[in-house]
Amino acid sequence: KAGVTQTPRYLIKTRGQQVTLSCSPISGHRSVSWYQQTPGQGLQFLFEYFSETQRNKGNFPGRFSGRQFSNSRSEMNVSTLELGDSALYLCASSEDGRAYEQYFGPGTRLTVT
Amino acid sequence: QKEVEQDPGPLSVPEGAIVSLNCTYSNSAFQYFMWYRQYSRKGPELLMYTYSSGNKEDGRFTAQVDKSSKYISLFIRDSQPSDSATYLCAMSPSGSARQLTFGSGTQLTVLP
C-alpha cells in the first residue's frame with residue numbers, strides 16, 4: 001500500500017495570506033489527524049477527522065481549520081498567516097479500531113515571511 | 001510544566017551499546033504509550049506501542065511502561081548507526097486515542 005501523502009511538500013507564504021494543505025491517507029484508513037511541529041513547541045495535535053467529522057481539536061486558534069472528504073482525503077487551512085505559523089505540518093492516518101497505530105506522512109514545510 | 005517531559009539530549013553512543021530513552025508524564029488519563037523515530041526531514045515512524053502498564057519487546061527494541069511512576073522507557077540493544085535519529089515518546093487517553101501528546105524528542109547518534 002502507498003503511504004500517507006501530503007502536498008505540497010514546501011510552501012512559502014506572506015503574513016496575512018491563507019494556505020491550504022492536503023493529505024491523502026493510506027487506502028482504507030478513515031481517520032486523519034493533523035499535527036504542527038516546530039523547534040520550540042515540538043509536535044502538537046491540531047485536529048482529528050473520522051468519516052468527514054471532526055472528533056477532536058487541539059488548543060489552536062480558530063484560524064486553523066480542517067475538513068475531510070468522503071474519500072477520506074483531508075485538508076487543513078490556516079487563515080491570516082503569522083510568522084509563528086512557520087512549521088512542519090504533518091498528517092497521520094489510522095485504521096478503524098487501531099487508533100494507537102498512526103502512520104505519518106512526510107509533512108508540508110510552511111515558511112511564512 | 002509540560003504534560004510529557006523528555007530529555008532532549010543529544011545522546012551519543014558507540015555502535016553496539018544499549019540505549020535507554022525515557023519520558024515522564026503527569027496526566028493520569030494516558031493509557032496508550034508509543035515510541036516514534038524521526039529521521040531528518042521525514043515524518044515520524046511508529047516503532048512500538050503499549051497499552052497501559054507492562055513491557056513489550058520487538059527485536060532489538062523493548063518498551064516499558066510504569067504507570068505508578070508515570071514513567072516510560074525505550075531500550076535499544078546492539079545499537080546501529082542506522083538507529084541515529086530523533087526518538088519521540090507519545091501518549092494518549094483511551095477516550096481520544098488518536099490525540100497524541102508528544103515529548104520533545106531525544107536526538108540519538110550511534111557512532112560506528
Side-chain angles (χ1 to χ4, degrees), chain A residues 3-7 9-10 21 23-26 29-51 53-60 66 68 72 74 87-109, chain B residues 1-10 21 23-25 27 29-54 56 58 63 65 72 74 85-107:
Chain A
V4 177
T5 58
Q6 293 187 245
T7 56
R9 292 293 312 278
Y10 302 91
L21 312 180
C23 171
S24 293
I26 292 171
H29 289 192
R30 293 196 292 168
S31 172
V32 173
S33 299
W34 287 89
Y35 292 83
Q36 181 196 64
Q37 187 173 29
T38 61
Q41 298 299 317
L43 266 155
Q44 293 184 284
F45 173 80
L46 280 158
F47 25 65
E48 175 204 346
Y49 286 88
F50 182 84
S51 289
T53 301
Q54 185 181 91
R55 295 211 291 197
N56 288 296
K57 190 177 194 303
N59 189 24
F60 278 82
Q68 188 179 32
S72 296
S74 178
L88 181 67
Y89 290 89
L90 293 155
C91 83
S93 73
S94 59
E95 286 183 70
D96 300 2
R98 299 180 74 88
Y100 46 81
E101 203 168 332
Q102 294 193 58
Y103 294 89
F104 281 81
T108 294
R109 174 77 60 185
Chain B
Q1 187 180 3
K2 291 187 173 183
E3 278 189 298
V4 180
E5 299 281 357
Q6 183 176 5
D7 186 342
L21 304 167
C23 288
T24 59
Y25 63 96
N27 189 343
F30 289 146
Q31 294 284 347
Y32 291 97
F33 303 91
M34 280 71 75
W35 285 94
Y36 283 85
R37 176 174 62 194
Q38 187 173 25
Y39 292 110
S40 181
R41 312 195 80 78
K42 301 278 188 182
E45 170 195 9
L46 178 65
L47 283 174
M48 299 186 71
Y49 65 87
T50 310
Y51 178 73
S52 195
S53 284
K56 190 171 184 179
D58 184 2
V65 175
I72 71 170
L74 177 71
T86 296
Y87 289 79
L88 298 144
C89 64
M91 42 201 84
S92 62
S94 57
S96 308
R98 293 181 175 89
Q99 186 168 347
L100 300 178
T101 300
F102 280 86
S104 55
T106 299
Q107 188 178 341

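Computed over heavy atoms, backbone and side chain alike; hydrogens, waters and symmetry mates excluded. Every chain is numbered from 1 and lettered A, B, ... according to where its sequence line falls, protein lines coming before strand lines.
Shown here is B:Gln107, whose CD atom has no more than 12 heavy atoms of other residues, nucleotides or ligands within 6.0 Å.
Residue contact with chain B, scored on non-hydrogen atoms closer than 4.5 Å, involves the backbone and the side chain of A:Leu43 alike. For A:Tyr35, the part lying near chain B is the side chain, with the backbone staying farther off; criterion is any non-hydrogen pair under 4.5 Å. For chain B, the nearby part of A:Gln37 is the side chain; its heavy atoms alone come within less than 4.5 Å. Looking at B:Glu45, there are no atoms closer than 4.5 Å to chain A (heavy atoms on both sides), in backbone or side chain.
For the pair B:Met34 and A:Gln102, the minimum side-chain heavy-atom distance is 4.5 Å or more.
A:Glu48 places no side-chain N or O within 3.5 Å of a backbone atom of B:Gln99 that could act as its donor or acceptor partner.
Across A:Ser94, A:Ser33, A:Gly107, A:Gly42, the residue that shares the most heavy-atom pairs under 4.5 angstrom with chain B is A:Ser94.
The only member of B:Phe33, B:Tyr49, B:Tyr51 that meets ring pair (Phe, Tyr, Trp, His ring centres under 6.0 Å) when paired with A:Tyr100 is B:Tyr49.
With rounding to the nearest 0.5 angstrom, the CG atom of B:Leu46 is 6.5 Å from the OH atom of A:Tyr103. One finds the CZ atom of A:Arg55 at 5.0 Å from the CZ atom of B:Arg98 (value rounded to the nearest 0.5 Å).
Taking the six-membered ring for Trp and thresholds of 30 and 60 degrees, B:Tyr36 and A:Phe104 have ring planes more than 60 degrees apart, a perpendicular arrangement.
Heavy atoms only, all atoms of each residue included: A:Leu90 and B:Pro44 are closest at CD1-CD, 3.8 Å.
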